[in-house]
2 protein chains.
Amino acid sequence: MEPHEPDLSAVPVTAVLAALADDVRLQIVRALAEGGERACGTFDFGVSKATRSHHLKVLREAGLTRTRAAGTSRLVRLRHDELNKLYPGLLDAVLAPRPPA
Amino acid sequence: MEPHEPDLSAVPVTAVLAALADDVRLQIVRALAEGGERACGTFDFGVSKATRSHHLKVLREAGLTRTRAAGTSRLVRLRHDELNKLYPGLLDAVLAPRPPA
DNA sequence: ACCCTTGTTCGACAACTGTCGAACAAGCTC
DNA sequence: GAGCTTGTTCGACAGTTGTCGAACAAGGGT
């Protein structure tokens, strides 16, 4: 079964925002933004692997990430360019570590 | 009782995103972005006034809007400048009617 | 003073969401 | 093939959220 990665333009804006509106998922996105491509297992944010898998699914189905199999692992990467094209500024705004006052 | 309008910088990013991740609220924000200041009652998106009041509260407590009393009405406006300063690009990205491919 | 208009607040209820452990699937290595 | 590693899927459960009608509060107008 292929991992259902929709066209970003086909995903409602609210779904994209909802996907980003969670602490764990935001940490994943931030890690991906810096790290490039990473295996699912390299994320450890204090949740079970079931939960982690769930969050990665939400991100994938919101059109934010792409996943490809590599052995027993799955490599995840951020759809950086598409995101910036369709929602310019969104990623930067969200990724900002904490804008100094 | 004053309507509890937090410092935008004190609101977690996820809360800001969550506030925007709803269709009704997004419509409200879009209307505010164009219309400037509007009374609560001038929004009609097919929800009861209880629900509308709820959504306006969520937006207010996420630091996205300001509200001031004016007679029996309450005027709501978007905190446009603060938003753009703290999350540059966010509003534009979200407000875009539908970015042409 | 009375009433109408405008909003908010209060349950209540259904739907969704985040979380987990356990079971399952698929691939590698020995 | 046996066993290990890596992920996904399946209930289940608690907490949150969107929705409503009804009750309440505060102003304004007559």
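Chain naming here is simple, since letters A, B, ... match the order of the sequence lines and numbering starts at 1 in each.
- In this structure, of D:dT19, C:dC20, D:dC20, it is D:dC20 that holds the atom nearest to the side chain of B:Ser48.
- Closest contact between the side chain of B:Ser53 and the listed nucleotides D:dG7, C:dC20, C:dT8 involves C:dT8.
- Closest to the B:Ala50 side chain, of the nucleotides C:dG18, D:dG27, C:dT9, is C:dT9.
- Figure legend: cation-pi geometry between A:Arg38 and A:Phe43, with NZ or CZ positioned under 6.0 Å from the six-membered ring centre and within 45° of its axis.
- The line from OG of B:Ser48 to NE2 of B:His54 is 10.5 Å long, rounded to the nearest 0.5 Å.
- For the pair A:Asp22 CG and C:dC16 P, the computed distance is 18 Å after rounding to whole Å.
- The B:Lys49 side chain lies nearest to C:dT8 when the options are D:dT6, C:dT8, D:dG7.
- The nearest whole Å value for the distance from the CG atom in B:Leu59 to the C1' atom in D:dT17 is 14 Å.
- Closest approach to the A:Arg52 side chain among D:dG18, D:dG7, D:dT5 is made by D:dG7 (side chain taken as heavy atoms from C-beta onward).
- Spacing between atom CZ of B:Arg38 and atom P of C:dG7 amounts to 11 Å, rounded to whole angstrom units.
- Once rounded to the nearest 0.5 Å, the distance linking CD of B:Glu37 with CG of B:Leu78 reads 11.5 Å.
- Rounded to an integer number of Å, the gap from CZ of B:Arg68 to P of C:dG7 is 13 Å.
- Contact check, A:His55 against C:dT17: no side-chain N or O comes under 4.0 Å of OP1 or OP2.
- When the side-chain nitrogen and oxygen atoms of B:Ser73 are compared with OP1 and OP2 of C:dG7, one or more of them lie within a distance under 4.0 Å.
- One interatomic measurement links the two molecules: CG of A:Leu56 to P of D:dG7, which rounds to 9 Å at whole-angstrom precision.
- Taking every side-chain heavy atom of B:Arg60 into account, C:dT8 is the closest of C:dT19, D:dG18, C:dT8.
- Ranking C:dT9, D:dT5, D:dT9 by closeness to the A:Lys57 side chain, first place goes to D:dT9.
- If you take CD of B:Glu61 and P of D:dG18, they are 12 Å apart, rounded to a whole angstrom.
- Proximity of A:Thr51 to the phosphate of C:dC20: a side-chain N or O atom is located under 4.0 Å from OP1 or OP2.
- At a threshold of 4.0 angstrom between heavy atoms, the contacts of A:Ala39 are confined to the sugar-phosphate backbone, with no base atom among them.
- For the pair B:Glu82 and B:Arg66, the salt-bridge criterion is met [side-chain N within less than 4.0 Å of a carboxylate O].
- Rounded to a whole Å, the CG atom of A:Leu75 is 13 Å from the P atom of D:dT6.
- Nearest to the side-chain atoms of A:His54 among the listed nucleotides D:dG18, C:dT19, C:dC20 stands C:dT19.
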Audit row: B:Leu56, B:Thr65, side chain to side chain contact (heavy atoms under 4.5 Å, CB included) steps and yes/no: CA-CA 8 Å; B:Leu56 288 168; B:Thr65 60; 5.8 Å; no

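- The nearest whole Å value for the distance from the CZ atom in B:Arg25 to the C1' atom in D:dG18 is 8 Å.
- Within the nucleic acid shown, B:Val47 comes within 4.0 Å of sugar-phosphate atoms alone, with no base atom in reach, counting heavy atoms only.
- A salt bridge does not link B:Arg79 to B:Glu5: none of the charged side-chain nitrogens sits closer than 4.0 Å to a carboxylate oxygen.
- Where B:Gly41 and A:Thr72 each meet DNA chain C at their nearest nucleotide, the meeting point lying more 5' is that of B:Gly41.
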